[in-house]
Each structure stands twice: as C-alpha cells, then as structure tokens.
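All remarks here apply to the structure that follows.
First listed ligand is number 1; within each ligand, the first listed atom is number 1.
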Amino acid sequence: MIRRIQKTVILSLFLLWLVLTGLWAASVAGYVLHTAAMAVGLLFAVVMAVGVPEFISRPLSRVAETAEKIAEGDLSKTIPVYEIDEVGKLAQSFNQMAQRLRGTLSLVTEEKNRMQAILDSMADGVIASDGETRVILINPVMEEAFGLNEEGSIGKTVLEVVRDYELDRLFRQALDSGRPVKQELRFLTPEARLFRVHLTPLRGAQSGVVALFRDITERRRLEEMRTEFVANASHELRTPLTSIRGFLEALRDGALDEPETARHFLTIIEEETRRLSDLVDDLLKLATVEERRNLFLRQPIELPELIQRAVEMFEYRARQQGVRLDVALPPDLPPVTGDANLLSQVFINLLDNAVKFTEKGEITVQARKANGGVTVDVSDTGIGIAPEHLPRIFERFYRADKSRAADLGSTGLGLAIVKHIVEGHGGNLMVHSKPEKGSTFSVFLPGP
Ligand code: ADP
C-alpha cells in the first residue's frame, strides 16, 4: 500500500512539472514564471515524495514491529495512537488484542502454578499419561520414590519409565475401558515397597490417564505386626489357661480325693496362674509404654540411686542361686532426664534376665559418662545368647531357648519393654553376648 501511494504521488508531481514546463514553452517572455514554476514544482515534488510516504508508513511500521514482538511472546509493548484513522484503529485493535492475551496468559500461568503447587505438596505420587501411555507429568513424590526425573521421563512410555508390565497393563486397561482402575502393586524402588495405585482415565477432548500412587508399605507392616501380636498374645495366654483348665478338670474328676496329687496339681495351677498374671502385667506395661511413648515424663534423675534400688530387689535371689551381684557406679555420674518409674523398669527387667539366665556366676552393673549422657552396662557370666538369636531378642514373645525360658517363667516381653522405654527416652540399647560365656546389655541415656 505504501509503495502505491508513493508511486501515485511521484506520478502526479511529474505531471505537474510537465504542465509547468509546458507553460514555460508557451510563454517565451515568461522566463521568471518559468523559473519560479520549476522551483516550486521541484520543491513540492521532493516534499511529497519524501514526507507523505514517511507520514503514512511510520505508524504502519510501528504496528508491524509490535505485531512481530507479540508473535515472539513479548506482550508488554503498546502502540501509541495519535489519530483515529485506519492505521490508528489498527493500532488500537492490536493494543486490545495484546491486553486480552496478557490477561488470558496470566490466568493460565496462575492456574498452572496452582496445579503445580498442589502436585508438589501431595503426599501421593502422581503420573499422568496421554492416550498412548506416554508420560506427560510426574510429581516430586513419584520422582523421589522411584528415583526418576521429570525431564528425562516426559515423552517416554510408562513402561519405559517405571519398567513394570503390570502397571503398563493397568494404564491400558483404564484407557480402553474408560473406567477407573484400583490395584495394589509391589515395586522394587530398589527396596520392595507396596503401593495402592488408583488410575483414572481423563475425560474430554484429549485421552489419557492420571495414576495416583499411595505408599502403604508401613501401614501394611503395622497391620501385619498387629495381627501377629494378637495371634502371639492369644497363644501365650492360651497355654497357661489350657494347663489350668486341665488340672482343674483332673481335680474335679477325682484327683481331689488323693491329697498328695491334689497338692501337686494345685502347685502347678498356682504357677500357671502366676505366669498368666505376669503375662497380663507385661502386656499392659508394653501397651502403656507404646501408647505414651511421646508423653514420658522428663525429670532430672540421679541414676546411682535408681540403679541401687533395682539391684537390692535381686540381691536375695542372686544369693540363693550362688550368684555374685556387683555394682560399680562412679560418684560423679551426671543426671539424665526421664521418667523414673519407667527407667527403674529397664534395670529391673535387665537384672531379672541376668539372674534368670546365670547359674553360679557373676552379675555386674557399671555406669560411665558417654556422649553427653550415661551408659549403663548390665553384664552376666550366664548362658549367653547364640548369634542367630541376637537380632531377634528385642521382638515381643521371642525367646532364644524356648524350653528353658518357659521353665524360668519368662514372658518374652521383658526386652521389648526395655527397648521401647530406652528409645522413648532418646537413648539406645545394645547387646554383646557369647554362648556359655555371658551377656552384656548396654543402655545409653542422654543427659538433660
Ligand atoms: P523373657 O526374659 O521374659 O523371656 P525377654 O524379652 O526379657 O523375655 O528376653 C527374651 C529372650 O532373650 C529370653 O527368653 C532369653 O532367651 C534371651 N535373654 C535375655 N536376656 C538374657 C541374658 N541375660 N542371658 C541369656 N539370655 C538372655
């Protein structure tokens, strides 16, 4: 358009110049007029040839420049509008378009940021795929759990990214059926973890699937532990109860008439009842310790006094068995913080075991300052524990030597209680033992 205007103007000026030149030819006497006409004509031609195209084309080039910027994604520019002519209207339309685009873009960005924030703060893993099971999104939980990175995964298929045929099958099932799919899947990440996977097909123009991964490994472990605990506890309770019932039936069926036998049966019933009561006591202690683990009292405790009292409870029994009981506590032992009743229980259980599993030997209790707290060692020269049992002795109901432990009236809960109490105080518990040589249980308790 600019070129056409330029050409028209130049042509008309040329004609004007021709007319003026003709006038000059017609009037020989009009030399002055000729010169003036020539000068005016030329001046006008130059002004029009240079000024008019410039006047019309500059706003148009601004519109073109801004349109180019918008096309490149820069929406911050606006075109100044001086006159509401055609070019001015064009500039206005461009400005409005840019403004609307700016608004839409900021809405889209806000929406995207909100979605990203939700995805980032989710506790579950998320993978979204297109209709070809190609990954279009992975959230940080999923990246961390499966050791993936979003950039390297986008565009690849779910099978290439997670390398699990069952998961790939579930994605395809959700896509083909258009219905949600739920399943529990075990993945090696690299350690085995159990996930509940929930896949929802995307509705709308674009097909795809959003899969949610909830890690239920810990929950399942706790459920299994609870079931196992209930089974074990029932079994432990049933054993003495069955025995009591058997002897009571025997008494009722005639043993009562034989005083000697009746006395023997009653002694057994008494023992079993004591075992039952010990078991219920320990179960209650364990339940209380587990439940109140985060609510333990935090008082300064002088350990020597507390340990001394626990030791006194076993002096008689030890002497009866011909076992020496030595205590070596340095006078400058710093205080520890905790619940005095529970910490007493720790040393009572450890000393009870030491006396129970030591015949004619020696038991020593030693304490020392260590890493801002105190370590107490309870050592014995008893039967010791075989290496294959050591990792399991802190489990509930675990007994290294079942028959001997049963004879000694043990519940298999003592060390589980000790471990819970010590760890609940922020400390730790270790054991060193050799069969037939003896055992040392070391309790570390942090200071205030
Ligand atoms: P309990 O002593 O009531 O059986 P514990 O949980 O205290 O239950 O101990 C679990 C098992 O660990 C015991 O049955 C025993 O086999 C072993 N044990 C614990 N302390 C000692 C020890 N001082 N010497 C040898 N074995 C021990």
Side-chain angles (χ1 to χ4, degrees), residues 225 228-229 232-233 235-240 271-290 307 310-311 313-315 317-318 320-327 342-367 375-424 427-443:
M225 262 174 65
E228 195 186 332
F229 175 72
N232 284 337
H235 174 77
E236 295 290 333
L237 291 168
R238 207 173 40 224
T239 315
E271 256 169 38
E272 294 291 5
T273 315
R274 193 186 42 75
R275 216 172 118 187
L276 203 60
S277 142
D278 284 352
L279 196 64
V280 173
D281 274 357
D282 275 359
L283 278 172
L284 280 174
K285 271 181 214 149
L286 191 63
T288 316
V289 169
E290 275 183 343
I307 293 172
V311 168
M313 290 170 66
F314 293 92
E315 269 169 352
R317 241 173 81 191
Q320 292 282 89
Q321 282 177 218
V323 173
R324 239 181 65 201
L325 192 47
D326 285 338
V327 186
L342 294 175
L343 290 181
S344 293
Q345 189 68 56
V346 166
F347 298 109
I348 289 171
N349 286 12
L350 292 179
L351 285 165
D352 184 40
N353 281 345
V355 175
K356 223 161 37 184
F357 298 106
T358 308
E359 276 172 37
K360 291 198 173 47
E362 210 176 287
I363 297 171
T364 40
V365 184
Q366 285 174 311
T375 295
V376 183
D377 293 332
V378 179
S379 315
D380 63 60
T381 55
I383 62 169
I385 305 162
E388 67 268 25
H389 295 299
L390 273 181
R392 299 198 59 191
I393 54 167
F394 299 107
E395 289 175 20
R396 301 151 172 168
F397 302 115
Y398 193 83
R399 299 174 184 97
D401 183 340
K402 284 202 174 17
S403 58
R404 184 161 1 187
D407 288 347
L408 295 167
S410 72
T411 62
L413 292 173
L415 288 179
I417 295 172
V418 169
K419 189 170 192 296
H420 266 89
I421 296 177
V422 172
E423 289 180 355
N428 60 56
L429 178 66
M430 292 212 300
V431 57
H432 293 282
S433 186
K434 267 199 180 137
E436 309 308 329
K437 290 267 184 281
S439 317
T440 298
F441 286 84
S442 304
V443 177

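Looking only at side-chain heavy atoms (C-beta outward), Ile363 and Phe314 stay at 4.5 Å or farther from each other. Looking only at side-chain heavy atoms (C-beta outward), Ile417 and Asp282 come within less than 4.5 Å of each other. With a 4.5 Å cut-off on side-chain heavy atoms, Asp377 and Phe441 do not count as touching. Counting only heavy atoms from C-beta outward, the side chains of Glu236 and Thr411 never approach each other to under 4.5 Å.
Each of the following atoms of ligand 1 lies closer than 4.0 Å to a heavy atom of Ala400: 14 (O), 16 (O). Taking a cut-off of under 4.0 Å to the non-hydrogen atoms of Gly414, the atoms of ligand 1 that pass are 5 (P), 6 (O), 7 (O), 8 (O). The contact set between ligand 1 and Ile385, taken as ligand atoms under 4.0 Å from a residue heavy atom, comprises 18 (N), 25 (C), 26 (N), 27 (C). Residue contact check: Tyr398 has heavy atoms under 4.0 Å from atoms 10 (C), 11 (C) of ligand 1.
Only the backbone of Leu413 comes within 4.0 Å of ligand 1, counting heavy atoms alone; no side-chain atom from C-beta on gets that close. Under 4.0 angstrom from ligand 1, the non-hydrogen atoms of Ser410 come from both its backbone and its side chain.
At least one heavy atom of Lys356 sits closer than 4.0 Å to an atom of ligand 1. The shell of residues lying under 4.0 angstrom from ligand 1, judged by heavy atoms, includes Gly384. Ligand 1 lies out of reach of Asn349, whose nearest heavy atom is not under 4.0 Å from it.
Considering only non-hydrogen atoms, atom 5 (P) of ligand 1 lies nearest to Leu415 out of Leu351, Val418, Leu415. Proximity annotation for atom 13 (C) of ligand 1: of Phe441, Phe397, Phe394, Phe357, Phe357 comes nearest, heavy atoms only.
Smallest separation of non-hydrogen atoms from His235 and Thr239: O-OG1, 2.8 Å.
With rounding to the nearest 0.5 Å, the separation of CZ in Arg399 from CG in Leu415 is 11.5 Å. A distance of 10.5 Å separates CD1 of Ile393 from NZ of Lys419, quoted to the nearest 0.5 Å.
Remark: ligand 1 and Ile383 share no N or O pair separated by less than 3.5 Å (distance only, no angle test). Close N/O approach between Asp380 and ligand 1 is found [any backbone or side-chain N/O within under 3.5 Å].
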Applying side chain to side chain contact (heavy atoms under 4.5 Å, CB included) to Leu237 and Val280, what does each step give before you reach the verdict? CA-CA 8 Å; Leu237 291 168; Val280 173; 4.0 Å; yes
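A salt bridge is absent between Arg275 and Asp278: the closest approach of a Lys/Arg side-chain nitrogen to an acidic carboxylate oxygen does not fall below 4.0 angstrom.
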